[in-house]
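Have a look at the structure below before the remarks.
In what follows, every chain begins at residue 1, and chains take the letters A, B, ... in the order their sequences are listed.
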Number of protein chains: 2
Amino acid sequence: MEAIPVSGVAFSTNEARVSITRVPDRPGIAARFFGPVAKANIVVDLIIQNTSIDGFTDLTFTVPKGDLAKTLELVGQVAKEIGAEKVLSDEHIAKVSIIGVGMRNHSGIASRMFSALADAGINIMMISTSEIKISSVIEDKYLELAVRVLHDAFGLEQARPTVQA
Amino acid sequence: MEAIPVSGVAFSTNEARVSITRVPDRPGIAARFFGPVAKANIVVDLIIQNTSIDGFTDLTFTVPKGDLAKTLELVGQVAKEIGAEKVLSDEHIAKVSIIGVGMRNHSGIASRMFSALADAGINIMMISTSEIKISSVIEDKYLELAVRVLHDAFGLEQARPTVQA
Ligand SMILES: C[C@@H](O)[C@H](N)C(=O)O
Ligand SMILES: C[C@@H](O)[C@H](N)C(=O)O
């Protein structure tokens, strides 16, 4: 087994998810949502948009729980203006991440992370990746279990889980 | 205007997108797809999954163009087994990214990036973020235009665009 370049497990629980469903997939729509949010100085962490299938797609991002009400007000206004389907939110989420430099060439890491969560019966609600990190958003009630099974799956010491993914 | 901590624009054109639509949103599904892909030593770059709305969601990831045919074979098999809707792919994509440390606290950067692409009439097909990077997947034919307008939007020198986001 090649040494897997994973250095730790990080997590964050202070975010809430905001999703706008069925936005039209045409230039300018994403800018319409993030302009007002930026103007209100709300810090956005994850932004996830998958490719559209029928000309519409969902746009999801996370904000600090304390800013959720304000964000929903701003986003709700734009969603109405552009005729999106609905605005959903969820405060009971946690983000858990596998961190490792050189990650890019080891798609096995993703497979191992997802299998470890699956074996523990934890559903993956969202996925986002970067060169040094694979993040999964899960229900917050599973966070301790997720951190533990991921430490085991990658043979990491549990001692000091890093905070704030 | 606060100094925006953006150090550059990066891009990559050697990836192809694979999407599996309407996969059941239950534990173990993501692992089912990435196991065979990892076993075949196929390098996965972006992985994007948004939250499910009706119990189903789409799973998208990118692989080197040269590995697309093999990936579609592996993924097609699993998609059939789990009853996913369909498997789609697109080779004509490019990823363009804004890079900057300390990015997290400037949601205005996302807004500026999306507005710059919108003003140039460029549609954003996928979005993924990390602490130091905001990536947008666009049609490959718009790559040069996107790199140019993003340099302008962030007041960056055009001299040497970084490659491989
Ligand atoms: C959905 C949204 O991202 C749209 N495609 C845009 O470019 O703004
Ligand atoms: C869709 C897929 O990610 C599923 N939720 C899983 O946990 O595997």
Side-chain angles (χ1 to χ4, degrees), chain A residues 17 19 21 25-35 37-39 41-53 57-61 63 88 90 104-112 114-115 117-137, chain B residues 17 19 21 25-35 37-39 41-53 57-61 63 88 90 104-112 114-115 117-137:
Chain A
R17 163 178 72 80
S19 294
T21 65
D25 185 22
R26 54 163 199 269
I29 296 296
R32 285 285 297 272
F33 284 105
F34 288 97
V37 171
K39 244 195 232 110
N41 277 326
I42 295 170
V43 173
V44 168
D45 181 21
L46 276 182
I47 304 174
I48 290 185
Q49 177 205 317
N50 208 333
T51 190
S52 72
I53 305 293
T57 186
D58 301 332
L59 190 60
T60 296
F61 60 96
V63 295
L88 303 169
D90 184 353
R104 243 185 105 86
N105 290 322
H106 294 270
S107 57
I109 293 175
S111 162
R112 185 178 286 199
F114 300 153
S115 295
L117 294 175
D119 294 346
I122 299 172
N123 191 45
I124 302 166
M125 298 161 79
M126 292 159 66
I127 302 171
S128 178
T129 59
S130 74
E131 280 66 36
I132 59 164
K133 201 165 81 165
I134 299 178
S135 297
S136 293
V137 171
Chain B
R17 164 177 72 80
S19 294
T21 66
D25 185 22
R26 54 163 199 269
I29 295 297
R32 286 286 294 274
F33 285 106
F34 287 97
V37 170
K39 239 190 237 115
N41 278 324
I42 295 170
V43 173
V44 168
D45 181 19
L46 276 183
I47 305 174
I48 290 185
Q49 177 206 319
N50 207 333
T51 190
S52 72
I53 304 293
T57 186
D58 302 331
L59 192 59
T60 297
F61 60 96
V63 294
L88 304 169
D90 184 352
R104 244 185 103 90
N105 289 322
H106 295 270
S107 58
I109 294 175
S111 163
R112 186 178 285 199
F114 300 154
S115 295
L117 294 173
D119 293 346
I122 299 172
N123 191 47
I124 301 167
M125 298 161 76
M126 293 159 64
I127 302 172
S128 176
T129 59
S130 76
E131 279 66 35
I132 59 163
K133 201 166 80 165
I134 299 177
S135 297
S136 292
V137 172

**Q.** Region of A/Ser19 in contact with chain B, defined by heavy-atom distances below 4.5 Å
**A.** side chain

Q) Who passes side-chain hydrogen bond (donor to acceptor under 3.5 Å, both in side chains) against A/Asp25, sequence neighbours left out? A) A/Ser52, B/Asn123

Q: With a 4.5 angstrom heavy-atom cut-off, could you sort out which part of A/Thr51 is near chain B: side chain, backbone, both or neither?
A: both

Q.
Please give me the minimum heavy-atom distance between A/Ser115 and B/Ala31, naming the atom from each residue.
A. OG-CB, 3.4 Å

Q | Closest non-hydrogen atom pair between B/Asn50 and A/Met126, with its separation | A | C-CG, 4.1 Å

Q | Contact origin within B/Ile132 toward chain A - heavy atom pairs under 4.5 Å | A | neither

**Q.** Closest non-hydrogen atom pair, B/Gln49 against A/Met125
**A.** NE2-O, 3.2 Å

Q. Is B/Thr129 reaching over with its side chain to a backbone N or O of A/Ile47, donor-acceptor style, under 3.5 angstrom?
A. yes

Q: May I ask you to name which of B/Pro27, B/Ala118, B/Ser136 has the most heavy-atom pairs under 4.5 Å with chain A?
A: B/Pro27

Q. If every non-hydrogen atom of B/Ile127 is compared with every non-hydrogen atom of A/Ala30, which pair is closest and at what distance?
A. CD1-CB, 4.3 Å

Q.
Please classify the contact between A/Ile29 and chain B as side chain, backbone, both or neither, with a heavy-atom cut-off of under 4.5 Å.
A. neither

**Q.** Gap between atom CZ of A/Arg26 and atom CD1 of B/Ile124 - 0.5 Å precision
**A.** 13.0 Å

Q.
Counting only non-hydrogen atoms closer than 4.5 Å, does A/Ile53 touch chain B with its backbone (N, CA, C, O), its side chain (CB onward), both, or neither?
A. side chain

Q | B/Arg32 CZ to A/Ser111 OG distance, which is reported to the nearest 0.5 Å | A | 12.0 Å

**Q.** B/Thr21 versus chain A, the contacting section by heavy-atom distance below 4.5 Å
**A.** side chain

